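Below is one structure, written out as structure tokens; the observations come after it.
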Amino acid sequence: MNHLPEAWGRPRDDIYGAYDHQYVSASNPNQHTTSPVVTGTSVVALKYNGGVVIAADNLASYGSLARFTNVERLKQVGSHTVVGASGDVSDMQFLFDEQLEQLIISEEYQNDGHHLRAKHIYSYLSRVMYHRRSKFNPLWNVLLVAGWDDGKPFLASTDLLGTTFSGPALASGFGAHLAIPLLRRVCPDEAAVANITREQAISVIEECMKVLFYRDARSMNKYSMSIISGEGDKVEIEHRKDIQLKQQSWKFAESIRGYGAQVV
Amino acid sequence: MTSIGTGYDLSNSVFSPDGRNFQVEYATKAVENGGTAIGLRCKDGVVLAVEKLIQSKLLVPGSNKRIATVDRHVGIACAGLIPDARHFVSRARNEASSWRKGYYGPIPISSLADRMGQYAQTYTLFSSVRPFGVTSIIGGLDEEGGPSLWMVEPSGVTWGYFGAATGRGRQAAKAELEKLDLPNITVEEGVKHAARIILIAHGDNSGKDKDYELEMTWVRMPPNGEAEIAADGTVRGYGRHEEVPKDIVEQAEKDAKKAVEGDDDDEKMAES
């Protein structure tokens, strides 16, 4: 995955050559979104023994401009699930504030004690995403769905093409490059989840958010984290908002070309 | 009804010479045959309750609900023809949902009641349709302004209430509701009164031999007094239309029985 949302959904330049922008020029008829406008960067998530931790920062960028610094990109959906979105913020708002909101309200009409679980929300979202890509009008997002499902932690991803996959440690955007190696250090495979504690998972995610802030130029130092913990049928979701990055060390920056003390 | 059979009651929307619409009056009759439904607008929330007569012992307990959730913060209790009520509720859900789409927020109860009143009224205007055989009590919590309670009748008449009653036992229920200081009691107290009023309304009518199930829901204001209707659904319990927990209903029913039977004992003692 390319870390620039502008490049998502397009053939890779390094394999197929530079993209021919004539294909999406304004004179062609019937065009929908061909690139995102206001964007959110990575979402990172990790399963642990008894739950999932998911985090995303509070920045919405307008190109490279840090335009909005107080945007919530995690949403609790029902009682079992948290969805995190990167990519286009207006598409995220459509999904979060209209689609998912109505889904949950309609689900509660029955009032029969049953709730949509993470798997159901994920299934719904992936169908919406695929439907929209099939209408050539995609929602420009990568979504991570974290939750508690049938006595087990749940974590899966869907994107603007409707691609679906799941894993014990997932990240979108820049995080797919930078956070996944860090997450896989503690969680190389599904079996490893059994050995990860809640505290460990939180601290690994915190570390990821810090590293992402160091190296992702579309990130900020304030983020939200949700911790979904379950035991049998019981689920508890803790939302931590406005988390400030702690104990930063910018020593490494000294060695970066074009930054800080170096000239040339 | 003196003018029955004079021909002015055969088609909807036709006035009789003395200015009545008989089809609407007949619809009101249909409501009066259904089990009692009441609503209480209390200090910090709204309580809805219905007397659901058990039509058959073969029915699963708790099935065929007569109070429906329309949106997070709104509920509707119905008396009258159940299929008409289902359609009415479905319309209310669409209204609430389209309000959210258009205005990005929960529909005010007054607006919902108003729209539902207009909807019911259109069913009095055409010979191709009949009026709703349903009177609905709409209760909920507004973002500003707190608890709100309305009743929509088959004619389309819509009034706001502190205490509303409809269905077979409405007279007895209204008499009991009038005795309460509704603007100043809590929902918890309201639940107890509701259970008692439904019991009295049930006993006061011919359906006494029939068993009934007490169905009760509430919408409560958060303790700090502001109606916070959380967008992400994190504030469970408050600001939501939901069933009153089973244990509270059972306790209220027990207390109601004691209170009502206790009254009877007093009377007997006085008589002897």
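Reminder, nothing fancy here: chain letters follow the sequence lines and each chain counts from 1. Owing to the predicted nature of the structure, the values given are computational and were not obtained by experimental measurement.
- Atom OH of B:Tyr104 has more than 12 heavy atoms from other residues, nucleotides or ligands within 6.0 Å.
- The shortest side-chain heavy-atom distance between B:Arg72 and A:Ile104 falls under the 4.5 Å cut-off.
- More than 12 heavy atoms of other residues, nucleotides or ligands sit less than 6.0 Å from atom CZ of A:Arg198.
- Few gaps surround CD on A:Gln110; more than 12 heavy atoms of other groups in view lie less than 6.0 Å from it.
- Here the closest heavy-atom approach between residue B:Glu243 and residue A:Asn111 is recorded as OE2-O, 3.7 Å.
- Interatomic distance, OG1 of B:Thr69 versus CD of A:Glu107, reported as 12.0 Å (0.5 Å rounding).
- Dense packing is recorded around OH of A:Tyr109, with more than 12 heavy atoms of other residues, nucleotides or ligands lying under 6.0 Å away.
- Counting heavy atoms of neighbouring residues, nucleotides and ligands inside a 6.0 Å radius, atom OH of A:Tyr130 does not exceed 12 of them.
- Note: B:Lys101 NZ to A:Gln102 CD = 6.0 Å, rounded to the nearest 0.5 Å.
- B:Val89 does not touch chain A: none of its heavy atoms, backbone or side chain, sits under 4.5 Å away.
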